[in-house]
Trainee: 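After the structure tokens below, expect a handful of questions from me.
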2 protein chains.
Amino acid sequence: MKKKTTIYDIAKELNVTVSTVSRALSGFAAISDATREAVFAAAKRLNYSPNRLASALKSGKTYIIGLIVPSVQAHFFASIIHSIEEGLKDSGYRVILYQSNESLNAEINGVKTLLEAQVDGIMASLSLETEDVSHFAEVIKQNKPLILFDRVHEKLKVPTVTLDDYKAGYMATQHLIDQGYKNIAYVTTVHQIRIFNDRLKGYKAALADNELPINEENIIFGGLSIKDGRFGAGKLMRATNKPDAIIAGDDFTALGVIKKLKEIDETPPKIGVIGFANEAFSAYITPNLSTIDQHPNQMGTACAKLFLEMVQQANPYQNIKHIVLAPSLVERQSTDLKT
Amino acid sequence: MKKKTTIYDIAKELNVTVSTVSRALSGFAAISDATREAVFAAAKRLNYSPNRLASALKSGKTYIIGLIVPSVQAHFFASIIHSIEEGLKDSGYRVILYQSNESLNAEINGVKTLLEAQVDGIMASLSLETEDVSHFAEVIKQNKPLILFDRVHEKLKVPTVTLDDYKAGYMATQHLIDQGYKNIAYVTTVHQIRIFNDRLKGYKAALADNELPINEENIIFGGLSIKDGRFGAGKLMRATNKPDAIIAGDDFTALGVIKKLKEIDETPPKIGVIGFANEAFSAYITPNLSTIDQHPNQMGTACAKLFLEMVQQANPYQNIKHIVLAPSLVERQSTDLKT
DNA sequence: CTGAAAGCGCTAACAC
DNA sequence: GTGTTAGCGCTTTCAG
């Protein structure tokens with residue numbers, strides 16, 4: 001195993017100094033064309049590969065950003081990660097991935113780990129457990145860009161990229177009303193994450209605007225899994241005042257709701273069902289699931305763009321932007337009462 | 001913005017030298033309990049956070065591994081990534097993600113980028129375009145662990161984690177035969193990736209073992225998208241000798257196949273359909289899709305374990321293991337001819 | 001346009 | 001058990 005070639009080897013080869021080589025390689029400093037070319041030729045000949053670590057240690061820039069998400073296994077987050085990585089790649093940034101698995105402790109550890117790795121910035125979507133966000137303070141203190149997406153927190157004064165979740169909730173509800181449903185229930189999560197609250201607010205507002213009563217018994221707080229969906233639907237359909245439509249916390253919840261409804265012979269659209277996320281499967285289940293598309297790829301692209309803007313500013317927080325994406329309604333069979 | 005505290009600050013604070021601090025922090029070297037405790041106390045008091053970069057530059061170990069996958073958006077890869085990250089986290093390793101998007105050039109660039117970042121090893125699943133694998137040679141030359149999973153290549157003499165794809169193909173075919181199907185077609189990819197070839201071999205072997213003829217016109221080479229599935233099924237069903245069952249390259253392909261079959265009123269299980277991957281949606285489409293589960297989480301866990309073994313050896317390649325996981329059949333409606 | 005030299009924060013011989 | 005010192009590979013003043 002021979003040692004790797006460094007700029008010293010190139011310098012020796014050409015009888016110049018390392019500074020000359022460094023300058024030539026960096027491309028910006030004043031250098032004669034002749035030396036530059038000679039350096040590049042020698043670099044190639046010696047199979048030189050820069051050590052970004054050394055450069056990072058000296059310059060303080062690693063060109064690595066840390067990305068904290070609950071789990072890459074959720075398609076929504078996978079899509080965001082995909083777009084973030086793609087959006088940053090051309091600018092030379094790489095991405096370290098850290099999954100919190102919806103655990104606050106893991107998230108705290110993630111921030112610590114990423115900071116120790118000297119990342120140039122962090123993007124995160126909070127775990128369901130996260131209520132206190134003080135573990136992110138250090139990122140801001142170090143004046144490194146922190147961007148929160150989707151699951152954000154008002155205590156953190158940082159740029160955010162979110163969906164207009166109020167609108168999403170309103171949109172889902174209004175759609176059901178437009179389709180002719182009148183007694184609309186909601187299966188959501190107990191966790192105090194803003195997006196879920198906002199959706200609920202949108203739901204209530206839409207009911208109010210249409211002069212429909214808000215029945216608290218129609219709102220089930222539990223989890224968002226398929227199982228939770230089944231459970232919620234079961235509970236709702238056993239009530240005296242049965243709903244004629246159910247909004248599910250996400251598409252997986254909706255899957256559970258539909259399963260239950262099929263079992264008791266209330267197959268949608270007889271009882272309307274709508275979800276959130278537009279998962280890959282949603283178009284292919286029976287009945288096809290109406291849903292609210294949350295545009296994860298747009299979200300990732302926006303995060304990448306925001307980050308690149310922030311690193312260009314001396315103070316990344318001098319101009320805190322909050323990007324809010326518009327949800328869109330995907331109408332399918334599960335809410336198509338009319339046909 | 002005050003400067004970050006280093007081990008020098010701790011040393012000054014305690015009137016000892018940096019080496020003492022370094023030793024105390026590292027935990028292994030001989031150090032009196034008193035100094036060790038004093039160092040930890042001071043570290044805490046001064047809000048010290050180690051700079052892994054500096055340590056990495058000196059020691060040559062970054063505790064970062066590079067992960068190259070076609071795309072995190074595919075649930076199969078997302079699951080593998082999930083398990084790899086989880087499996088490595090406790091040993092202090094972090095993961096840099098690089099997506100090839102099925103492009104050879106991107107993959108080449110990925111290897112280069114990751115090597116420049118001085119990763120301690122690379123795990124990769126090859127892009128569909130990859131036939132020549134010489135871009136990975138440098139990883140081996142640097143004596144860094146390289147592990148290939150799922151989409152591997154025989155030219156690369158490195159440890160691998162794969163599914164027994166021959167068996168998977170055989171299993172899918174035998175299942176269809178067991179269910180009573182007799183003229184079984186296959187929609188797969190043109191790309192020369194081993195796993196797809198192996199599955200095809202398994203398919204042919206199963207036909208042969210059951211004394212069924214192998215009809216080359218029953219094998220469609222194209223892509224694996226939903227669209228490709230539709231196209232393949234269309235082509236097959238227009239033939240004179242129409243198949244009574246179709247094996248699809250993956251679950252997405254199967255989705256397209258089913259769509260087409262529904263359109264021409266040959267809804268499965270009338271024509272049997274089976275896919276590969278057991279995607280999240282497969283259980284919920286109509287009809288439910290039978291499929292071969294490829295156990296991505298097991299695969300990720302195995303990769304992590306293998307890597308940890310390799311870094312422990314002086315020569316990571318002294319004992320090249322090939323871990324082969326067994327596929328499992330998931331029987332659902334789309335192949336249930338009997339009911 | 002190029003060279004000399006200091007130093008980023010940490011580790012690891014080598015002394016004592 | 002602790003101190004001294006020389007780098008890891010690169011960037012970046014400051015001179016010339």
Side-chain angles (χ1 to χ4, degrees), chain A residues 1-40 42-43 46-64 92 115-120 142 144, chain B residues 1-40 42-43 46-64 92 115-120 142 144:
Chain A
M1 186 85 337
K2 54 181 181 296
K3 278 186 40 47
K4 287 202 290 185
T5 63
T6 71
I7 54 172
Y8 280 90
D9 302 316
I10 300 179
K12 199 178 295 170
E13 178 91 356
L14 298 176
N15 279 316
V16 294
T17 57
V18 283
S19 14
T20 305
V21 177
S22 174
R23 277 190 275 255
L25 254 19
S26 79
F28 281 100
I31 272 281
S32 76
D33 284 354
T35 11
R36 188 201 318 285
E37 279 159 31
V39 167
F40 273 93
L46 299 175
N47 193 25
Y48 169 74
S49 165
N51 183 336
R52 303 273 174 216
L53 229 56
S55 148
L57 179 60
K58 181 68 200 177
S59 68
K61 284 200 51 116
T62 52
Y63 285 95
I64 295 178
L115 248 20
E116 289 179 0
Q118 311 299 118
V119 293
D120 284 350
Q142 292 188 17
K144 289 183 174 174
Chain B
M1 186 84 339
K2 55 182 182 296
K3 277 185 43 45
K4 287 203 289 184
T5 62
T6 71
I7 53 172
Y8 280 91
D9 301 316
I10 300 179
K12 198 178 295 170
E13 178 91 357
L14 299 175
N15 279 317
V16 294
T17 58
V18 284
S19 22
T20 306
V21 177
S22 174
R23 277 189 276 255
L25 254 19
S26 78
F28 281 99
I31 271 282
S32 76
D33 284 354
T35 15
R36 188 202 317 286
E37 278 160 31
V39 167
F40 273 93
L46 299 175
N47 192 26
Y48 169 74
S49 165
N51 183 335
R52 304 273 175 218
L53 229 55
S55 149
L57 179 60
K58 180 69 202 179
S59 68
K61 284 199 51 114
T62 53
Y63 285 95
I64 295 178
L115 248 20
E116 289 180 359
Q118 311 298 119
V119 293
D120 284 350
Q142 292 188 16
K144 290 183 174 174

Trainee: Grab the NZ-C1' distance between B/K61 and C/dG9 for me, whole Å please.
Mentor: 19 Å
Trainee: At a cut-off of 3.5 Å, list every protein nitrogen or oxygen paired with a nitrogen or oxygen from nucleotides 1-3 of chain D, distance to 0.1 Å.
Mentor:
residue, atom, partner, partner atom, Å
D/dT2, OP1, B/S32, OG, 3.4
D/dT2, OP1, B/T35, OG1, 3.3
D/dT2, OP2, B/S32, N, 3.2
D/dT2, OP2, B/T35, OG1, 2.9
D/dG3, OP2, B/T17, N, 3.0
D/dG3, OP2, B/T17, OG1, 3.0
D/dG3, OP2, B/T20, OG1, 2.4
D/dG3, N7, B/R23, NH2, 2.7
D/dG3, O6, B/R23, NH1, 3.1
D/dG3, O6, B/R23, NH2, 3.2

Trainee: Could you tell me how far apart A/Y8 (OH) and D/dC10 (C1') are, to the nearest whole angstrom?
Mentor: 8 Å
Trainee: Give the minimum heavy-atom separation between A/A56 and B/L53, together with the two atoms involved.
Mentor: CB-CD2, 3.5 Å
Trainee: Within the 4.5 Å heavy-atom criterion, are B/L57 and A/N51 side-chain neighbours or not?
Mentor: yes
Trainee: Of the non-hydrogen atoms in A/E13 and A/A42, which two are nearest, and what is the gap between them?
Mentor: CG-CB, 4.4 Å
Trainee: A/K12 NZ to C/dT2 P: how many Å, rounded?
Mentor: 20 Å
Trainee: Heavy atoms, side chains only, cut-off 4.5 Å: are B/V16 and B/V21 in contact?
Mentor: yes
Trainee: Distance check needed: C/dT11 P versus B/L25 CG, whole Å only.
Mentor: 8 Å
Trainee: In Å and rounded to the nearest 0.5 Å, what is the CG to CD1 distance from A/L25 to A/I31?
Mentor: 10.0 Å
Trainee: In whole angstrom, what separates B/I7's CD1 from C/dG9's P?
Mentor: 10 Å
Trainee: Starting at OG1 of A/T5, measure out to CD1 of A/I7 and round the result to the nearest 0.5 Å.
Mentor: 10.5 Å
Trainee: Are OP1 or OP2 of C/dC10 and a side-chain N or O of B/Y48 less than 4.0 angstrom apart?
Mentor: yes
Trainee: When the distance from OH of A/Y63 to C1' of D/dC10 is rounded to whole Å, what number comes out?
Mentor: 14 Å
Trainee: To the nearest Å, give me how far apart CG (A/L14) and P (C/dT2) are.
Mentor: 11 Å
Trainee: I need the residues from residues 51-59 of chain A with at least one non-hydrogen atom less than 4.0 Å from DNA chain C; give them sorted by number, or say none.
Mentor: A/L57, A/K58
Trainee: May I ask you to decide if A/V119's main-chain N or O and A/K144's side chain share a donor-acceptor pair within less than 3.5 Å?
Mentor: yes
Trainee: Is it possible for you to check whether B/K12 lies under 6.0 Å from the centre of the six-membered ring of B/Y8, through NZ or CZ, and within 45° of that ring's axis?
Mentor: no
Trainee: Tell me the interatomic distance from B/E116, atom CD, to D/dC8, atom P, rounded to whole angstroms.
Mentor: 20 Å
Trainee: Look at the side chain of B/S22 and the backbone N and O of B/V18, then say whether any donor-acceptor pair between them is shorter than 3.5 Å.
Mentor: no
